[in-house]
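Here the structure is a predicted model, which is why all the values come from computation and not from measurement. Sequence positions, counted from 1, serve as the residue numbers for this chain. Indexing begins at 1, ligand by ligand and atom by atom, following the structure's order. Atoms considered below: every heavy atom in the structure, side chains included; atoms not considered: hydrogens, waters and symmetry mates.
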Amino acid sequence: MVHSKVVIIGSGPGAHTAAVYLSRAELQPVLYEGMLANGTAAGGQLTTTTDVENFPGFPAGIGGQELMENMRKQSERFGTEIITETISKLDLSSKPFKMWTEWNDAPGSEPARTADAVIIATGANARRLDLPGEEKFWQNGISACAVCDGAVPIFRNKPLYVIGGGDSAAEEAMFLAKYGSSVTVLVRKDKLRASNIMAERLLAHPKCIVRFNTVATEVIGDSKPNGLMSHLRVKSTVDGKEEIVEANGLFYAVGHDPASALVKGQIETDDEGYIVTKPGTSYTSLEGVFACGDVQDKRYRQAITSAGSGCIAALDTEKYLSELHEVPEPAKEKI
Ligand code: FAD
Ligand code: NDP
């Protein structure tokens with residue numbers, strides 16, 4: 001069993017930003033990047049996308065995979081120890097905190113590592129619907145992030161669809177209205193879940209149409225490799241009637257699942273499972289445990305906001321560790 005001052009769990013922009021700051025502060029952070037943790041490659045959500053055009057510093061954009069490889073290299077450059085394993089169990093009930101990897105977490109087994117401080121940066125996953133055609137047209141018309149992908153040329157002046165009835169669906173539809181010829185929001189019930197103000201704005205928007213009691217049942221398009229989606233089969237939840245509509249973009253806004261199972265019941269999470277942090281900080285409900293990135297952010301969910309919160313987590317951790325390891329007064333006198 002090995003002890004570290006600080007362990008970072010996760011490998012997205014939040015985790016790597018925290019690692020860069022902590023390693024430059026010479027706190028020798030250890031980062032568990034995961035081995036297909038929650039079904040996503042080490043590097044996190046951006047490894048599943050093509051061009052990232054809204055991360056500052058890359059005027060021509062940068063591939064998601066390349067951006068994350070760069071972040072990983074920068075973490076390593078300053079001495080972060082990166083371990084390609086998934087943390088499967090975390091015991092926060094006493095200090096130092098204990099953690100196990102998925103290769104060795106049988107009951108009674110020794111923890112892989114202990115740590116004075118832990119940063120949870122495990123991210124979140126956009127929910128998918130597993131519609132027929134979804135796999136084929138994912139990123140070829142289908143996206144789970146309008147802010148990330150909406151400005152792509154394939155969506156310009158084309159009929160676009162959003163699925164969901166919450167604030168995200170409302171916000172994404174109005175954002176997409178800048179690009180598409182029209183944006184139709186499919187809502188499975190007869191009402192929106194979105195807050196009143198967002199619902200009112202959406203319903204009043206001249207380019208947005210809300211279709212209540214309607215679900216999508218199939219994505220249709222060009223069958224060639226990398227062919228784009230062109231139509232959607234939709235179905236009424238009232239009478240079961242189906243129709244095929246022209247649709248060049250489909251954006252899911254059916255919620256995200258934060259990867260917080262590791263800490264469930266050990267630190268405070270909200271009713272959707274997001275880790276609760278003290279506003280403006282990375283402090284969780286437990287001293288010594290910090291959180292950054294999408295696992296604690298259901299509002300912005302962007303690479304740059306995750307990176308920013310990773311910086312906050314590193315600085316909060318640094319302060320915590322310096323107080324923890326402060327030499328007590330009598331001992332100082334002896335020195
Ligand atoms: P995540 O990226 O969510 O990564 C966390 C990773 O940590 C996990 O994926 C996994 O690999 C690892 N992990 C999880 N659990 C464990 C564990 N127990 N042990 C070890 N490792 C673990 N944002 C933008 O700003 N611009 C864009 O253009 C953009 N495009 C996107 C396109 C797509 C398709 C998606 C899905 C998202 C996109 N986003 C974009 C959003 C952006 O990717 C996220 O906001 C950001 O990646 C969140 O970063 P994070 O640090 O929270 O970690
Ligand atoms: P929500 O969970 O609020 O909404 C998800 C929506 O997706 C619901 O309308 C739900 O329908 C629908 N849905 C779920 N599964 C399916 C499915 N299988 N088929 C069709 N529809 C489905 O998630 P959001 O991401 O919208 O919001 C998350 C949180 O973030 C909320 O607290 C929200 O207020 C907040 N937020 C705030 C914003 C703002 O203030 N501007 C912007 C974005 C998010 P149903 O209603 O029938 O369950």
Q: Check the pair Ser195, Asp167 against side chain to side chain donor-acceptor pair (under 3.5 Å), reporting the backbone distance first and the verdict last.
A: CA-CA 6 Å; Ser195 54; Asp167 280 327; 2.9 Å; yes

Taking [atom] as the point of reference, which of [options] owns the nearest heavy atom?
| atom | options | value |
| --- | --- | --- |
| atom 41 (N) of ligand 2 | Met174, Arg301, Glu171, Lys191 | Glu171 |
| atom 15 (N) of ligand 2 | Arg127, Met198, Lys298, Arg188 | Arg188 |
| atom 18 (N) of ligand 1 | Ile87, Ile142, Thr101 | Ile87 |
| atom 20 (C) of ligand 1 | Pro258, Ala15, Gly34 | Gly34 |
| atom 9 (O) of ligand 1 | Gly44, Gly43, Ala261, Gly12 | Gly44 |

For [atom], which protein heavy atom lies nearest, and how many Å away is it?
| atom | result |
| --- | --- |
| atom 28 (C) of ligand 2 | Glu272 OE1, 3.9 Å |
| atom 3 (O) of ligand 2 | Arg193 CD, 3.2 Å |
| atom 23 (N) of ligand 1 | Ala303 N, 3.3 Å |
| atom 41 (C) of ligand 1 | Arg301 O, 3.6 Å |
| atom 27 (O) of ligand 2 | Ser168 OG, 3.8 Å |
| atom 28 (O) of ligand 1 | Cys148 CB, 3.4 Å |
| atom 3 (O) of ligand 1 | Gln45 NE2, 2.8 Å |
| atom 18 (N) of ligand 2 | Leu129 CD2, 3.2 Å |
| atom 23 (O) of ligand 2 | Gly255 CA, 4.0 Å |
| atom 8 (C) of ligand 1 | Thr122 O, 3.9 Å |
| atom 26 (N) of ligand 1 | Asn54 OD1, 2.8 Å |
| atom 9 (O) of ligand 2 | Gly165 N, 2.9 Å |
| atom 48 (C) of ligand 1 | Ser306 OG, 3.2 Å |
| atom 33 (C) of ligand 2 | Asp167 OD2, 3.5 Å |
| atom 7 (O) of ligand 2 | Val254 CA, 3.4 Å |
| atom 13 (N) of ligand 1 | Ala37 CB, 3.6 Å |

[X]-[Y] side chain donor-acceptor pair, cut-off 3.5 Å:
| X | Y | result |
| --- | --- | --- |
| Glu268 | Ser285 | no |
| Asp91 | Ser93 | yes |
| Ser11 | Arg72 | no |

Under a 4.0 Å heavy-atom limit, does [X] contact ligand 1 with its side chain, its backbone, both, or neither?
| X | answer |
| --- | --- |
| Leu262 | side chain |
| Ala121 | backbone |
| Asn38 | side chain |

Q. Among Leu90, Ile120, Ile119, whose side-chain contact (heavy atoms from CB on, under 4.5 Å) with Val289 holds?
A.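 By the side-chain contact (heavy atoms from CB on, under 4.5 Å) criterion, Val289 pairs with just one of Leu90, Ile120, Ile119: Ile120.
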
[X] versus ligand 1: do any nitrogen or oxygen atoms come within less than 3.5 Å of each other?
| X | value |
| --- | --- |
| Cys145 | no |
| Ala41 | yes |
| Ser11 | yes |
| Trp138 | no |
| Gly14 | yes |
| Asp294 | yes |
| Asp51 | no |
| Gln302 | yes |

Beyond-backbone contact of [X] with [Y], side-chain heavy atoms, under 4.5 angstrom:
| X | Y | result |
| --- | --- | --- |
| Thr101 | Ile83 | no |
| Trp103 | Thr86 | no |
| Asn70 | Ile62 | yes |
| Leu22 | Thr80 | no |

Determine, for [X] against [Y], whether the closest basic-nitrogen to carboxylate-oxygen distance falls under 4.0 angstrom.
| X | Y | result |
| --- | --- | --- |
| Lys224 | Asp222 | yes |
| Glu69 | Lys73 | no |
| Arg24 | Glu318 | no |

Q | Nearest-0.5 Å distance that lies between atom CG in Asp294 and atom CG in Asp297 | A |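 One finds 6.0 Å between CG of Asp294 and CG of Asp297.
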
Q. Which residues satisfy the salt bridge (charged side-chain N to carboxylate O under 4.0 Å, His left out) test with Arg211, sequence neighbours excluded?
A.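 Arg211 satisfies salt bridge (charged side-chain N to carboxylate O under 4.0 Å, His left out) with Glu243 only.
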
Q. Quick one: does ligand 2 sit under 4.0 Å from the side chain of His256, the backbone, both or neither, non-hydrogen atoms only?
A.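 For His256, there is no contact with ligand 2 at all, from either part.
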
Q: Please state which part of Ala253 comes within less than 4.0 Å of ligand 2, counting heavy atoms only: side chain, backbone, both or neither.
A: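 The backbone, only.
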
Q. What's the verdict on side chain to side chain donor-acceptor pair (under 3.5 Å) for Arg188 and Thr237, showing C-alpha distance, side-chain angles and the deciding distance?
A. CA-CA 7 Å; Arg188 64 180 170 181; Thr237 55; over 6 Å; no

Q: Under the side-chain contact (heavy atoms from CB on, under 4.5 Å) rule, what do Phe58 and Leu67 come out as? Steps first, then yes or no, please.
A: CA-CA 10 Å; Phe58 302 96; Leu67 179 59; 3.7 Å; yes

Should the heavy atoms of other residues, nucleotides or ligands under 6.0 Å from [atom1] of [X] be counted, would the total exceed 12?
| X | atom1 | result |
| --- | --- | --- |
| Glu26 | CD | no |
| Arg156 | CZ | yes |
| Leu36 | CG | yes |

Q: Scan Lys319, Lys278, Lys95 and name whichever one has a salt bridge (Lys or Arg N to Asp or Glu O under 4.0 Å) with Glu287.
A: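 Output: one option passes, namely Lys95.
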
Per-atom contacts, ligand 2 versus [X] - under 4.0 Å to a heavy atom:
| X | value |
| --- | --- |
| Lys189 | 45 (P), 46 (O), 47 (O), 48 (O) |
| Gly164 | 7 (O) |
| Gly166 | 4 (O), 6 (C), 9 (O), 26 (O) |

